[in-house]
Amino acid sequence: MDSIPPIDFRAELNDEQFNAVTAEPGPLLVLAGAGSGKTRTLTYRVAYLLSQGVKPSEILLLTFTNKAAKEMLHRVHQLTGVEPQRFWGGTFHSLGHRALRIYGEAAGLPRNFTILDADESESLLKQAVESEDKLFFKDKVNPRPGPLFSVLSLARNTQLSIAETIKNQFAQYDDIAHRLPAFATKYEKMKREQSVVDYDDLLTGWLALLEKSPEVAEYFSHRFRHLLVDEYQDTNAIQSRLVDKLASHHRIMAVGDDAQCIYSWRGADFENIMSFPERHPGTVIHRIETNYRSTPEILNLANGVLLAQPKGRHFDKELRAARGHAQKPFLVQAMDDREQADFILKRIRSLVEDDGVSLNEIAILYRSHFLALEVQLALSRVGIPYHITSGVKFFERQHIRDLVALIRFVYNPSDAQAWQRIAILLPKVGEKGAQKIYSAAADLARLMQKNFIDVLPTDDVKSKVAKDAREDWDNFCASLAQVAASMQTAKPADVVATAIDGWYGDYLKGAFADYTDRLDELKAMIGFAQRFEEMQDLLAQIVLLNGETSDRHVEADAEAVKLTTVHQSKGLEYDVVFLIGLADGQFPGRRAIEDGDVEEERRLFYVAVTRARNELYLTYPKVATRAGPGGMMLTPSRFITELDPSLYEPLRIKRSYSW
């Protein structure tokens, strides 16, 4: 038996952590509030089990990232001297792979099966679809292989039908929902014929083994006497069923926080953590509520957010601060997005110059990318470095660059680079094909002394278009002509709106599973364009902004303000947090309000406010400039209005711009 060095658990843990770590084996649900030392609790639980004579090989640790598993087992090694490789620890997928390598033949998989990566999975799905309907992908409104794979994958992970999945998450594909089950069936058949599996099969295959092969289920439940699950609130339907099968002996510790369940769009099921005690009779619940991150004032506001949850639909908890008192969170009402950005600029300068706060310790959080456009512009203009941890800068996002290229080309048909970017979006049109079409159109326009765009629909040009793209071609040309016509009579904002409503809007629907989010971002361009009277000024400004931000490229580890979506900020913390766009329709989002289900949005708000250590600024604009001329009046987020006003301090903005 391993000799574990003595650990003074009582001295190294607070009371709540100690009670959870040393709890009697059985079904345990540890509700770990934000900043309460969740990882520490799990790590010490492993160490405690080892100190009680449990062998490393009898402990199974399930996490959501390999990094989390490695860090946890490394800390266990430091505490106990037991090497990480002696445990089964890792992600659900990595452990599913290990299980299938051992027992795959019982699930009809040969020992030499191989795993497809994401690109290969999409390629095989494309072949499967085309074998059933060779014209499916020629209709650009239909999902491309990538988005189609996302639909099928989510259906498998949530264990819902394809029809339900489309209804819940991919409404843009409603019209074709009935066609997809046949494609899914063919894809599964082709995988079996080729002895390959995709990423999702690592879970579905493992679950099938546990549910259909008694000897495999027996092996796992006997081998692993103790099961520990991290971030349990993020489990999807398959993962929850896996956990229940593996923990049939009920010696399980699930650690999570129902108030931080924010990934339903990725398949996470809030009901998994809520129904855990019913599925594991005799569950003992431990609450870890002492927060070491934030000030009492920030936690008072966070507790106010939790109090607004519907009764009986969550576990009661109350975060308590380990730190001393400080400033209340500030509530800031701005006239519009530009004034909101201006306030943030001034406050950042004051924080850095007067209070000595590092730029690295300042974060600007938002519900959706388009809400951060004005802030990015403002930071770029005054030279404050920033790093977007949840993606690329607004004008560098793929769909934004596509739309700008389309408008650039219509404005200046000699811009061959802009043409190239949009033409290759057509089916089966590559760079050489795009050049061939361009040359033919340019020659014909010169010969006939006509505008370049006017000759695109002619037979002479169309004959150079790839056969698969010809059906799309007329719509493509008509859309370019509409944008060109609007340029003669309308302002830049109206031109942008025309471009979105045309061919590119249809292309977007088939090209991206997150179509609705990207459409919102494109519409944010309308608001940006409203400040320009001339198209040349709009296009020049976009190039200049990209140039400025590219010239000052910020390395990930350089000192810079952090910009990120709230989803991407989970697990992170900052001295100062600005949470922007806190208006109904922005946060909570419009679709959540329309669907009558804002509970996940409220949990997202809770996650956002608990990222702040010392200072928290809650800001919202009175007017949404992206809504069109004159803007649209906004109301403060319901998440603010349902709070007791004593939890925050209103802060008035002096009406002036610094840029």
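Since the structure is predicted, the reported quantities are computational estimates derived from the model, not experimental observations.
One distance of note links NZ of K191 with CG of L109; it measures 10.0 Å at 0.5 Å rounding. Distance CD/E132 to CG/L180: 11.5 Å, rounded to 0.5 Å. Here CG of L60 is found 8.5 Å from CG of L228. Values are rounded to the nearest 0.5 Å. For the atom pair T389 OG1 and L572 CG, the distance stands at 7.0 Å (nearest 0.5 Å). Interatomic distance, R241 CZ to Q159 CD, rounded to the nearest 0.5 Å: 4.5 Å. Between L246 atom CG and Q239 atom CD the span is 11.5 Å, to the nearest 0.5 Å.
Crowding of Q309 atom CD: a count of heavy atoms from other residues, nucleotides or ligands under 6.0 Å exceeding 12. Counting heavy atoms of neighbouring residues, nucleotides and ligands inside a 6.0 Å radius, atom CD of Q417 does not exceed 12 of them. More than 12 heavy-atom neighbours from other residues, nucleotides or ligands sit within 6.0 angstrom of NZ on K138. For Q85, the CD atom sits in a packed shell: over 12 heavy atoms of surrounding residues, nucleotides or ligands are nearer than 6.0 Å. In K462, the NZ atom is crowded: over 12 heavy atoms of neighbouring residues, nucleotides or ligands sit closer than 6.0 Å.
Taking every heavy atom of both residues into account, D258 and F315 meet most closely at OD2-N, 3.2 Å. When all heavy atoms of R279 and N272 are compared, the pair lying nearest together is NH1-O, 3.2 Å. Across all non-hydrogen atoms, the minimal contact from I262 to R603 is CG2-C, 4.0 Å. Shown here for T283 and L28, the closest heavy-atom pair between the two residues is CG2-C, 4.5 Å. Smallest separation of non-hydrogen atoms from V404 and M525: CG2-CE, 3.9 Å. A pairwise comparison of heavy atoms in N66 and G90 identifies OD1-CA, 4.1 Å as the closest pair.
A donor-acceptor contact shorter than 3.5 Å is absent between the side chain of S153 and the backbone of S150. Judged purely by atom type and a 3.5 angstrom limit, S131 uses its side chain to pair as donor or acceptor with the backbone of A128. A distance-only check finds no donor-acceptor pair linking the side chain of E218 to the backbone of S213 [under 3.5 Å]. Without hydrogens or angle criteria, S479 side chain to W503 main chain gives a donor-acceptor distance under 3.5 Å.
Ring geometry for Y263 against H567 counts as tilted: the plane angle lies between 30° and 60°, on a 0 to 90° scale. Taking the six-membered ring where tryptophan is involved, the planes of Y366 and H369 are tilted, since the angle between them lies from 30° to 60°.
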Next item on the list: Carefully, step by step, assess F409 and V483 under the rule side chain to side chain contact (heavy atoms under 4.5 Å, CB included).
Entry: CA-CA 10 Å; F409 170 70; V483 175; over 6 Å; no
Notebook entry, point to check: Taking it one step at a time, do E231 and K570 satisfy side chain to side chain contact (heavy atoms under 4.5 Å, CB included)?
Noted result: CA-CA 11 Å; E231 301 283 14; K570 186 168 174 283; 3.3 Å; yes
Checklist line | Worked verdict on E71 versus R75 for salt bridge (Lys or Arg N to Asp or Glu O under 4.0 Å) | finding: CA-CA 6 Å; E71 284 175 5; R75 286 166 71 171; 6.0 Å; no
Notebook entry, point to check: Given the rule in the side chain to side chain contact (heavy atoms under 4.5 Å, CB included) test, do L116 and D201 qualify, once you have shown the distances and angles that lead to the verdict?
Noted result: CA-CA 10 Å; L116 301 174; D201 290 321; over 6 Å; no
Notebook entry, point to check: Checking side chain to side chain contact (heavy atoms under 4.5 Å, CB included) for the pair I437/W419: CA distance, chi angles, key distance, verdict?
Noted result: CA-CA 10 Å; I437 299 166; W419 164 261; 3.7 Å; yes
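Salt-bridge formation is detected for the pair D520/R591: a Lys NZ or Arg NE/NH1/NH2 atom is positioned less than 4.0 Å from an Asp or Glu carboxylate oxygen. Ion pairing of R86 with E58 is absent here, as no side-chain N (NZ or NE/NH1/NH2) approaches a carboxylate O to less than 4.0 Å. Salt-bridge check for E599 with R602: passed, with a basic side-chain N closer than 4.0 Å to an acidic carboxylate O.
Cation-pi geometry between R101 and F113 is satisfied (NZ or CZ under 6.0 Å from the ring centre, within 45° of the ring normal).
A side chain to side chain contact (heavy atoms under 4.5 Å, CB included) with L202 holds for exactly one of L95, V197, T91; it is V197. When each of F64, F276, F270 is paired with Y232, the ring pair (Phe, Tyr, Trp, His ring centres under 6.0 Å) condition holds for F276 and for no other.
T565 and Q568 are not linked by any side-chain donor-acceptor pair at a separation below 3.5 angstrom, with hydrogens and angles left out of the test. Side-chain contact of D402 with Y507: a donor-acceptor pair under 3.5 Å is absent, judged by distance alone.
The salt bridge (charged side-chain N to carboxylate O under 4.0 Å, His left out) pairs that include a residue from residues 111-123 are E105-R111, where partners are two or more places apart or lie in different chains.
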